[in-house]
Amino acid sequence: MRRPVLLVIAHGSRDARHAATVHALVERVRTLRPGLRVETGFLDFNIPSVQGVLESLAAEGIRDVVALPLLLTRAFHAKADIPAVLHDAPSRLRIRQAEVLGPSPLLLSALERRLYEAGLTPADKSSTGVVLASAGSTDPEAIAVIAEIAREWRRTGWCAVRPAFASAALPRTEDAVGELRAQGCRRVAVAPYVLAPGFLPDRIARGAAQADVLAEVLGPAPEVARLLLERYDAARVPVLSAMGA
């Protein structure tokens, strides 16, 4: 029986690095799961659009799709934008919306991978304060999740972990860096909790000017690719049940 198509739904950006990073992540997913059809659609700025991909799949005779939001928190896009687009999909499609990526232990592993790639080592953890820098949201639930991730990550051995936000909430990255300095952390690192480059990640980078270490965005980290497949597998079970599998 044919597996549901995985449709990765990305936000999109005028910054060309965004789409390139999304495509690199999707290609890694394809490598991990040969034979799984993985498509990419964008909500804005880039092509193909989500609606365009859904119409093309329906025209091919595809019936079952798992739509996976390429989002780290369950905020406005996951709660409103994406359901609205999926509601307008061709009626022949049976679509299941997967959960957003965060929170997940795999994302913490990916964050640490990026910090180590930027020059830190596990031996540095107890003397290093980390700024967990996210894009930000007006959704209180999303902000609370970021704060909880920071608390959980601190328990793995870092000197301290502070959440920060590039928009819509406080503190900003530069202020969190200053707080960690004042707290007495020997070094300060900024870990962008974002998936792809763009306007807000660039703001995070500017806010990290006084930090000792700035990690890269999560991008196509192996842990992120594995997490996409975890979310796909969890969502496809109800699809197959509905098919009588």
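Positions are given from 1 along the sequence. These numbers come from a predicted model, not from an experiment.
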Could you check whether H23 and F42 have their ring centres less than 6.0 Å apart?
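When the ring centroids of F42 and H23 are compared, they turn out to be within the sub-6.0 Å range.
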
Can you list the steps and then say if L7 with V66 is a side-chain contact (heavy atoms from CB on, under 4.5 Å)?
CA-CA 6 Å; L7 172 58; V66 170; over 6 Å; no

To the nearest 0.5 Å, what is the distance between [atom1] ([X]) and [atom2] ([Y])?
X    : Y    : atom1 : atom2 : answer
I47  : T40  : CD1   : OG1   : 12.5 Å
L6   : R30  : CG    : CZ    : 9.0 Å
L214 : I204 : CG    : CD1   : 9.0 Å
S104 : E230 : OG    : CD    : 6.0 Å
L68  : I9   : CG    : CD1   : 8.0 Å
D64  : R94  : CG    : CZ    : 4.0 Å

Return the orientation label for the W158 and W153 ring planes: parallel under 30°, perpendicular over 60°, tilted otherwise.
perpendicular

Donor-acceptor contact below 3.5 Å, side chain [X] vs main chain [Y]:
X    : Y    : value
H18  : G12  : yes
R231 : L101 : yes
R14  : F45  : no
D88  : V85  : no
S167 : A135 : yes
R172 : A169 : yes
K125 : C159 : no
R28  : P220 : yes
R96  : V65  : no

For [X] and [Y], which heavy atoms make the closest approach, and how far apart are they?
X    : Y    : value
L71  : V100 : O-CB, 3.5 Å
V130 : A191 : CG1-CB, 4.0 Å
L115 : V190 : CD2-O, 4.1 Å
L93  : I62  : CD2-O, 3.2 Å
T173 : A133 : OG1-CB, 3.8 Å
L36  : P4   : CD1-O, 3.7 Å

Identify whether the distance between the nearest side-chain nitrogen and carboxylate oxygen of [X] and [Y] falls below 4.0 Å.
X    : Y    : result
R37  : E60  : yes
E148 : R151 : yes
D233 : R3   : no
D212 : R181 : yes
E174 : R206 : no

Please tell me if the side chains of [X] and [Y] come closer than 4.5 Å, counting only heavy atoms from C-beta onward.
X    : Y    : answer
P197 : T21  : yes
F76  : D139 : no
L132 : L111 : yes
L70  : L195 : yes
K79  : E141 : yes
P90  : L54  : yes
E39  : V8   : no

Go through V29 and R226 one step at a time and tell me if the side-chain contact (heavy atoms from CB on, under 4.5 Å) criterion holds.
CA-CA 7 Å; V29 172; R226 286 168 50 202; over 6 Å; no

Tell me whether the count of non-hydrogen atoms from other residues, nucleotides or ligands lying under 6.0 Å of [atom1] in [X] goes above 12.
X    : atom1 : result
Q97  : CD    : yes
E216 : CD    : no
R186 : CZ    : no
E117 : CD    : yes

side-chain contact (heavy atoms from CB on, under 4.5 Å) between L108 and E152, worked out:
CA-CA 9 Å; L108 290 182; E152 179 181 345; 3.7 Å; yes

Side chains of Q183 and R162: donor-acceptor distance under 3.5 Å anywhere?
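Note: Q183 and R162 side chains meet the donor-acceptor criterion.
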
Assigning hydrophobic clusters by single linkage (Ile, Leu, Val, Met, Phe, Trp, Tyr; side-chain heavy-atom cutoff under 4.5 Å), is [X] placed with [Y]?
X    : Y    : value
F165 : L200 : no
L106 : L32  : yes
V131 : I143 : no
V5   : L86  : yes
V22  : Y193 : yes

May I have the step-by-step check of side-chain contact (heavy atoms from CB on, under 4.5 Å) for D202 and D15, ending in yes or no?
CA-CA 11 Å; D202 283 349; D15 190 321; 4.3 Å; yes

